[in-house]
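Note that the numbering runs from 1 along the sequence shown for the chain.
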Amino acid sequence: MNNLNKLTKEFFWQLTALLVVSTGLVYASLSTDKQLDKIMPEAQSWASSSNLKPSGMSAALELFEKIYSGERLVKKWQLPYRKLGGHKPTYKITDDALSDFPQVASQNHGVLFIVSPDQSLAQFEVDELLSWVAKGNYIVYLDSFMLRTSRRLLDKLDVDVRQLEPAAVNKKSDGQNPLKPLPFYQHLRQLQLSAEHSLKGGDGLATVDSACIITEKKYGKGKILISSCPNLIINRQISRTEYWPNFQFIANWVATTDGDILFDERCHGLSEGVNVFYYFLHGPAGFVSAQILLLIAIAIASANKRFGALTFVNNRRTISNLEHINGLSNTYLRANARQAVIEIIWQSLRLKICKMLQISPHEDNAKLIEELKGRGTPQALEMAAVAERCEQAVANPNLNDDQLRELVASCDKISQSTERRLTTSGR
């Protein structure tokens with residue numbers, strides 16, 4: 001039971017450490033990607049408030065967040081336009097989950113920024129937006145209006161689009177009438193505008209060479225700001241002082257409105273689900289979960305398929321021959337086993353001598369000594385003398401260290417000589 005609790009606790013801490021590391025890596029990766037997005041070149045323009053590159057609108061979003069911090073809510077809009085509350089659904093509400101529709105409509109009161117949509121607004125979307133504006137809301141619509149389908153909203157407002165020849169490229173707007181000061185021109189004099197089309201209809205707010213570039217159109221209880229200069233407040237211009245009046249102009253116009261400030265991301269292909277799981281998994285929590293699931297999947301596949309089940313390997317340390325010899329010698333020394341040492345050495349030497357003399361190792365020592373003496377050579381007589389001394393030492397219980405060292409040295413000398421003879425005779 002104790003081992004089970006210990007394993008459970010260890011698994012819990014390992015899982016906690018994995019979660020902490022994965023979360024840190026995800027946030028570090030997101031921060032790195034965010035910084036890289038600012039410096040990497042763009043393949044195409046994308047006027048989204050989520051785009052940190054020069055063609056994006058993230059700078060305008062941050063600017064309004066700082067201006068209206070704690071006063072007005074600044075957020076991105078990724079839901080269908082009918083969720084704005086300006087157009088009532090045609091179906092009958094029977095589900096309790098849809099009963100909060102009037103509350104959603106009341107919360108989405110404010111200004112909606114629509115900048116350079118990737119796809120033109122559909123006719124039903126135009127009707128939903130105008131229905132929302134008629135209830136006292138506001139729209140900032142910035143687009144080049146190159147395509148005929150991009151002018152559906154303008155057609156409903158009776159605003160015409162005309163080609164500029166030549167096009168206005170980084171031109172200053174015409175000076176304002178000092179007898180009719182406008183609140184939109186506080187803290188600025190002229191705008192820096194670029195456009196290929198002029199607008200006709202509504203109340204003109206900014207012109208270039210008498211051609212209207214920015215106009216305001218009232219609709220119901222609300223109003224719409226329309227400009228044929230889509231790059232009015234993009235990221236590329238916020239770092240250049242000559243374009244600061246453009247941001248000031250938009251900020252002054254927004255100051256005449258009320259409610260939340262919404263940056264439309266649905267027109268740029270981004271959508272947000274209303275499911276709670278989608279909401280959490282769409283952010284960093286989803287990346288952390290995906291990373292942990294990937295690690296778990298790899299661990300399971302590696303443990304059960306490629307390498308088999310996990311086993312504990314006991315890696316014992318192997319010692320060298322010299323360490324074994326030194327340890328064995330120390331053991332014999334402490335046991336005072338000199339007789340055993342000399343017997344082991346003598347038996348090894350006796351086998352080599354018998355092999356050299358070509359006699360059986362099972363013969364007794366007397367016959368071995370007699371055979372050595374019968375040869376009559378000085379080396380044979382020396383071997384016979386050492387053999388007699390080794391037999392006496394094995395039987396002597398009082399053998400001292402000096403005698404043992406002397407016999408070991410003599411045996412080593414004879415062993416080397418015997419090995420040389422055996423090697424020479426074998427060739």
Side-chain angles (χ1 to χ4, degrees), residues 45 47 49 54-55 57 59-61 63-64 67 111-117 129 133 137-146 150-151 153-219 222-258 261 263-264:
S45 297
S49 59
S55 66
M57 293 276 293
L61 176 66
L63 179 63
F64 283 112
I67 293 176
V111 185
L112 179 65
F113 277 81
I114 303 177
V115 183
S116 298
L129 289 172
V133 173
N137 297 287
Y138 317 93
I139 289 179
V140 177
Y141 191 21
L142 310 179
D143 196 8
S144 60
F145 305 114
M146 296 288 293
S150 65
R151 305 173 188 176
L153 180 63
L154 276 62
D155 293 339
K156 288 281 187 177
L157 299 174
D158 294 329
V159 175
D160 295 331
V161 178
R162 299 181 179 181
Q163 183 78 27
L164 275 179
E165 295 181 1
V169 179
N170 292 331
K171 286 190 176 183
K172 291 185 178 296
S173 63
D174 300 333
Q176 298 301 306
N177 186 356
L179 299 179
K180 186 182 177 182
L182 296 176
F184 318 120
Y185 280 85
Q186 293 180 3
H187 311 294
L188 63 99
R189 293 182 178 273
Q190 292 177 301
L191 305 180
Q192 193 83 10
L193 303 175
S194 298
E196 297 183 5
H197 296 86
S198 63
L199 305 173
K200 183 180 180 181
D203 299 328
L205 301 183
T207 59
V208 173
D209 297 334
S210 301
C212 182
I213 305 299
I214 302 177
T215 186
E216 180 185 82
K217 185 72 176 182
K218 298 185 182 300
Y219 190 87
K223 58 183 180 180
I224 302 175
L225 180 70
I226 305 172
S227 175
S228 59
C229 177
N231 299 331
L232 191 63
I233 50 174
I234 61 175
N235 294 342
R236 184 184 296 109
Q237 299 179 355
I238 197 169
S239 61
R240 302 170 64 177
T241 56
E242 62 267 24
Y243 292 100
W244 286 356
N246 297 358
F247 291 88
Q248 184 66 56
F249 176 83
I250 294 297
N252 291 343
W253 190 88
V254 172
T256 63
T257 65
D258 59 347
I261 301 175
F263 282 81
D264 185 16

Locate the shortest heavy-atom distance separating [X] from [Y]; write the atom from each residue and the value.
X      : Y      : result
Lys223 : Val133 : N-CG1, 3.8 Å
Arg236 : Arg240 : O-CD, 3.8 Å
Ser49  : Phe263 : OG-CB, 3.8 Å
Ile213 : Cys229 : CG2-CB, 4.0 Å
Gln248 : Gln186 : CG-O, 3.7 Å
Trp253 : Ile139 : CH2-O, 3.9 Å

Spatial distance of atom [atom1] ([X]) from atom [atom2] ([Y]) [nearest 0.5 Å]:
X      : Y      : atom1 : atom2 : result
Asn231 : Ser116 : CG    : OG    : 6.5 Å
Phe247 : Leu232 : CZ    : CG    : 8.0 Å
Gln237 : Asn170 : CD    : CG    : 7.5 Å
Leu63  : Ile238 : CG    : CD1   : 5.5 Å
Ile214 : Leu142 : CD1   : CG    : 8.0 Å
Ser228 : Arg162 : OG    : CZ    : 13.0 Å

Answer yes or no: is there a side-chain heavy-atom contact under 4.5 Å between [X] and [Y]?
X      : Y      : result
Ser198 : Leu164 : yes
Leu153 : Ile226 : no
Val140 : Val111 : yes
Leu225 : Ile250 : yes
Leu129 : Tyr141 : no
Leu191 : Tyr185 : yes
Gln192 : Lys172 : yes

Please assess Thr256 against Tyr138 for the test side chain to side chain contact (heavy atoms under 4.5 Å, CB included), listing each intermediate value before the final yes or no. CA-CA 10 Å; Thr256 63; Tyr138 317 93; over 6 Å; no
Requested in this report: Output, in order, the C-alpha distance, side-chain angles, deciding distance and verdict of side chain to side chain contact (heavy atoms under 4.5 Å, CB included) for Lys156 and Tyr219.
Outcome: CA-CA 10 Å; Lys156 288 281 187 177; Tyr219 190 87; 5.9 Å; no
Which of Asp143, Leu199, Asp160 passes side chain to side chain contact (heavy atoms under 4.5 Å, CB included) with Leu154? Answer is Leu199
| Relative to each other, are the rings of Phe113 and Phe64 parallel, tilted or perpendicular (30° and 60° limits)? | tilted
| message | Please check: side-chain N/O of Asn235 versus main-chain N/O of Ala59, any donor-acceptor pairing under 3.5 Å? | response | yes
